[in-house]
Amino acid sequence: LVNMMTTENQGYALTLSNCENHRSAEKIYLKPMALYIPDVAASVVAELITDLGDKNSNGEAFLLTVTNKNNGVSVDKEFLSLTELENPATSADAVKELVNIVRGYETDEDTNVCGW
């Protein structure tokens, strides 16, 4: 078991990447449970879209990734356009789904850290 007092929480990273030009934007959350709030998740994705600066003019695919920075567990979901991710309900559901998958790996490994 990991000693929680000496382990520094590195948080969860939420990353949006353009599969075509390999540019990406990332935000790190030390309290990832906030990502379960649909408005928070949707606003983070909207911020990542703005930070990325791509306008999907060439039909690029985009990858939304959630990574637990403490143990390296990472999962992603591909979107065929930014338009899909610009829908707050779609982006909030995608973030929640990805966080749940990452947390599922943690539960399997008994490393339930990172602000939960």
Side-chain angles (χ1 to χ4, degrees):
L1 287 173
V2 177
N3 182 339
M4 300 297 177
M5 298 305 285
T6 59
T7 302
E8 185 178 339
N9 178 13
Q10 296 178 42
Y12 274 39
L14 190 61
T15 310
L16 180 63
S17 306
N18 180 321
C19 297
E20 193 72 24
N21 64 21
H22 306 291
R23 288 197 311 215
S24 63
E26 180 177 276
K27 298 274 301 173
I28 294 178
Y29 277 81
L30 296 180
K31 296 188 179 198
M33 65 281 252
L35 296 172
Y36 276 124
I37 302 167
D39 289 346
V40 171
S43 69
V44 172
V45 173
E47 193 175 328
L48 291 173
I49 290 170
T50 301
D51 291 350
L52 192 60
D54 290 331
K55 297 299 175 225
N56 198 34
S57 55
N58 298 319
E60 305 100 334
F62 292 84
L63 212 55
L64 185 63
T65 307
V66 171
T67 305
N68 179 333
K69 302 291 271 184
N70 295 298
N71 61 15
V73 172
S74 176
V75 66
D76 53 49
K77 182 171 183 164
E78 187 173 16
F79 292 87
L80 298 179
S81 73
L82 278 181
T83 308
E84 287 180 82
L85 281 170
E86 288 169 341
N87 177 322
T90 302
S91 59
D93 285 348
V95 170
K96 182 178 177 181
E97 178 185 337
L98 293 172
V99 170
N100 281 338
I101 294 169
V102 170
R103 287 194 65 215
Y105 282 108
E106 290 171 16
T107 303
D108 290 346
E109 296 174 5
D110 282 330
T111 56
N112 203 3
V113 294
C114 197
W116 299 100

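Nothing fancy with the numbering, it's 1 onward along the sequence.
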| Closest non-hydrogen atom pair, Ile28 against Lys69 | CD1-CE, 4.1 Å

| How long is the span from the OG atom in Ser43 to the CG atom in Leu35, to the nearest 0.5 Å? | 9.0 Å

| field | Among Thr90, Thr50, Leu85, the one residue meeting side-chain contact (heavy atoms from CB on, under 4.5 Å) with Val45 | value | Leu85

| task | Verify whether one side chain among Thr65 and Thr15 offers a donor that lies under 3.5 Å from an acceptor in the other. | result | no

| Only one of Val102, Leu64, Val99, Asn68 clears side-chain contact (heavy atoms from CB on, under 4.5 Å) with Val75; which? | Val102

| said: Leu14 vs Glu26, test: side chain to side chain contact (heavy atoms under 4.5 Å, CB included). Steps then yes/no. | reply: CA-CA 6 Å; Leu14 190 61; Glu26 180 177 276; over 6 Å; no

| query | In this structure, which one of Asp76, Leu52, Asp51 forms a side-chain contact (heavy atoms from CB on, under 4.5 Å) with Leu16? | reply | Leu52

| message | Run Leu80 and Glu84 through side chain to side chain contact (heavy atoms under 4.5 Å, CB included) and show every step you take. | response | CA-CA 8 Å; Leu80 298 179; Glu84 287 180 82; 3.7 Å; yes

| message | Does Asn70 form a side-chain hydrogen bond (donor to acceptor under 3.5 Å, both in side chains) with Tyr12? I'd like the steps, not just the answer. | response | CA-CA 8 Å; Asn70 295 298; Tyr12 274 39; over 6 Å; no

| query | Under the side chain to side chain contact (heavy atoms under 4.5 Å, CB included) criterion, do Tyr36 and Asn100 qualify, and how do the steps go? | reply | CA-CA 9 Å; Tyr36 276 124; Asn100 281 338; 2.2 Å; yes

| field | Exam field: side chain Asn18 to backbone Phe62, donor-acceptor pair closer than 3.5 Å | value | no

| query | Is any side-chain heavy atom of Glu86 less than 4.5 Å from a side-chain heavy atom of Ile49? | reply | yes

| note | Here the gap from Thr67 atom OG1 to Leu98 atom CG, rounded to the nearest 0.5 Å, amounts to 9.5 Å

| query | How long is the span from the CZ atom in Arg103 to the NZ atom in Lys96, to the nearest 0.5 Å? | reply | 11.0 Å

| said: Rounded to the nearest 0.5 Å, what separates atom OG in Ser17 from atom NE2 in His22? | reply: 10.0 Å

| field | Beyond-backbone contact of Lys77 with Leu63, side-chain heavy atoms, under 4.5 angstrom | value | no

| Where Ala92 and Pro38 come nearest, the two heavy atoms and their spacing | CB-O, 3.6 Å

